[in-house]
2 protein chains.
Amino acid sequence: MRASVVTIEPNGHFCSECAVRGLAVCSSLDPAELREFEHLGRRVHFATGETVFSEEDITTSFYNLLEGVMRLYKLLPDGRRQIVGFALPGDFLGMNISGRHNFSADAIGAVTACQFAKAPFGRFIEDRPHLLRRINELAIRELSQARDHMVLLGRRSADEKVATFLLGWRERLFSLKGSSNTVPLPMSRQDIADYLGLTIETVSRTFTKLERHGAIAIVHGGISLRDPARIEALAAA
Amino acid sequence: MRASVVTIEPNGHFCSECAVRGLAVCSSLDPAELREFEHLGRRVHFATGETVFSEEDITTSFYNLLEGVMRLYKLLPDGRRQIVGFALPGDFLGMNISGRHNFSADAIGAVTACQFAKAPFGRFIEDRPHLLRRINELAIRELSQARDHMVLLGRRSADEKVATFLLGWRERLFSLKGSSNTVPLPMSRQDIADYLGLTIETVSRTFTKLERHGAIAIVHGGISLRDPARIEALAAA
DNA sequence: TGTCAAATTTGATCTGAGTCAATCGACTTT
DNA sequence: AAAGTCGATTGACTCAGATCAAATTTGACA
């Protein structure tokens, strides 16, 4: 799956055929702009566990996630970690005002992204307010998600956290791959714990408890919702 | 303190003389634009405890906070509350993509704000990309603060939460009113608890403990930092 | 198929923060 | 100045989730 196809595009690909066209920042561009945009980004790959950028790194690039899942996190000096989000295809990463990334990002499984050098991308936006509007829209949506997550971290019990996570993750995958009662979980228990502000043991015990009560089944690589209404009741509480 | 001064401005005031000019969204406007902008907003007042807007309300206005402090919060169905932030002069409130507010806001003490009707404000932005860029900048800054707060809520102890809060609040007031080791706290203990994901009792006990250890003094209407280095050590941990 | 190493689950115990219940002040109101 | 109110503090006790410590399962690879 290395870059291999030779085309006239520096990207090696056409934006017009892109899987996340319609979801991502580029949904705001018309066909003519899109052809120009194609020359701005290049397709990059990251292997499982590879770090795309680290907190405090000077921002040199922005990324548009095309395939795979990434974990976005912050570390405390003593190593405690808080995952501030998981990125999925269509997500746009790297915006900040300090010139430095304010969180770290690494690949969970193989990842493909569209990489843009900061300066030319900035220039491209300059005279395209609709692209800026699109970026603003994505930022505002993320802000809303961040506030929801604060409520979860500050005010919900372990059971509620886990139930809310399962439904939220299913919902996000739904808009990409369609509905299913089986929720694939590509991230580890440690990742889930660090996202929910819990320990790995509590996450594991909560899954086990929900399974004993017949609400879910723990399947290979994910969770199957056996009694979605029950999980929804827990998440709503 | 009701609206009283009569001038030719619908606002009753001049943006060019505004206290938050330079801090707020309007910092991106040139003098000519500013005069036009003046006709867009009107000055509104809110009394202590008054609600400016509620979560799920349809967004009809945006607000630029001029004076006072507001609490921004979300409620769970059973009444648990998470304060997602405190707003200070210069903060811009009401942006969302759903057309509904995604949190509630009410006044802590008397508040003055500049209110903009959604539609005309949207039209004003339309052909002024620099204003859009400014709004985007504010959103991205807030997003960064939101992520920092997630770390606090998910991964820090009560002591660390309280210490981090005191320093962060002092820092925000610093950019408005200059430095001081006495940190005014206009919000109640309940507000602080709901901001930090703690109970009122834990906040109170933590203040008392810090005071016993000589790190702070609990003064009327706020906290005096007696040993800032100690508080900083706690917050850094 | 067997051997590690890592991830996950499970169990026993501990503890930080929550809960419940009085006080204690600081302001109002009378 | 007495009474009432509301927020803040303090104390006693509890408990949800953390910590510590094994098992157990899973996956990679020889």
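Here is how names work: the chains are called A, B, and so on, in the same order as the sequence lines, proteins then strands, and each is numbered from 1.
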Exercise. At what angle, to 10 degrees, do the two end axes of the helix from C/dT1-D/dA30 to C/dT30-D/dA1 meet, given five pairs define each axis?
Worked result: 40°
Problem set entry | N/O donor-acceptor pair under 3.5 Å between B/T199 side chain and B/T202 backbone | yes
For this session: Starting from the 5' end of DNA chain D, give me the residue, A/S157 or B/M187, whose nearest nucleotide shows up first.
Result: B/M187
Exercise. The side chain of A/I200 lies closest to which of these nucleotides: D/dT10, C/dT8, D/dG17?
Worked result: C/dT8
Problem set entry | A/F207 CZ - C/dT9 P separation (whole Å) | 8 Å
Problem set entry | Mutual orientation of the aromatic rings belonging to A/F53 and A/H101 [parallel < 30°, tilted 30-60°, perpendicular > 60°] | parallel
For this session: Would you kindly give the CD1-to-C1' distance between B/I192 and D/dG7, to the nearest whole Å?
Result: 12 Å
For this session: For A/S188, report the nucleic acid contact type (base, sugar-phosphate, nothing); a contact means any heavy atom under 4.0 Å.
Result: sugar-phosphate
Exercise. How many angstroms lie between atom CG of A/L166 and atom CG of A/L234, to the nearest 0.5 angstrom?
Worked result: 10.0 Å
Exercise. Does a salt bridge link A/D91 with A/R141, judged by any charged N lying under 4.0 Å from a carboxylate O?
Worked result: no
Exercise. Checking all strands, does B/T208 fall into the base, sugar-phosphate, or nothing category for heavy-atom contacts under 4.0 angstrom?
Worked result: sugar-phosphate
For this session: Ignoring backbone atoms, establish whether B/H220 has a side-chain N or O less than 4.0 Å from OP1 or OP2 of C/dG25.
Result: no
Exercise. Any N or O donor-acceptor pair linking the side chain of A/E201 to the base of D/dC20 at under 3.5 Å?
Worked result: yes
For this session: Test for a donor-acceptor pair under 3.5 Å between the base of C/dG11 and the side chain of A/R205, counting only N and O atoms.
Result: yes
For this session: Identify whether any heavy atom of B/G221 sits under 4.0 Å from a base atom; if not, whether one sits that close to sugar-phosphate; answer base, sugar-phosphate or nothing.
Result: nothing
Exercise. Given D/dG17, is OP1 or OP2 found less than 4.0 Å from the side-chain N or O atoms of A/T202?
Worked result: no
For this session: Check the distance between D/dT19's C1' and A/D78's CG and give it to me in whole angstrom.
Result: 15 Å
For this session: Starting at atom CD1 of A/I216, determine the distance to atom P of C/dT9, rounded to an integer number of angstrom.
Result: 10 Å
For this session: Answer yes or no: is there a donor N or O on one side and an acceptor on the other, between the side chain of A/Q82 and the main chain of A/Y195, under 3.5 Å?
Result: yes
Exercise. Taking CG from B/D194 and P from D/dA8, how many angstroms apart are they, rounded to a whole number?
Worked result: 12 Å
Seminar exercise, completed: To the nearest angstrom, the CD1-P distance between B/I218 and D/dA8 comes to 11 Å
Seminar exercise, completed: Between CZ of A/R156 and P of D/dA16 the distance, given in whole Å, is 17 Å
For this session: On DNA chain C, check which nucleotide each of A/R189 and B/T199 is closest to and give me the residue with the more 5' one.
Result: A/R189
Problem set entry | Atom pair distance, as rounded to whole Å: CD1 in A/I108 and C1' in C/dA7 | 15 Å
Problem set entry | Ring geometry between A/F86 and A/W169 (parallel below 30°, tilted from 30 to 60°, perpendicular above 60°) | perpendicular
Exercise. Tell me, do A/I83 and A/R81 make a side-chain contact under 4.5 Å, heavy atoms counted?
Worked result: yes
Exercise. Any ion pair linking A/E142 and B/R147 (charged N to carboxylate O, less than 4.0 Å)?
Worked result: yes
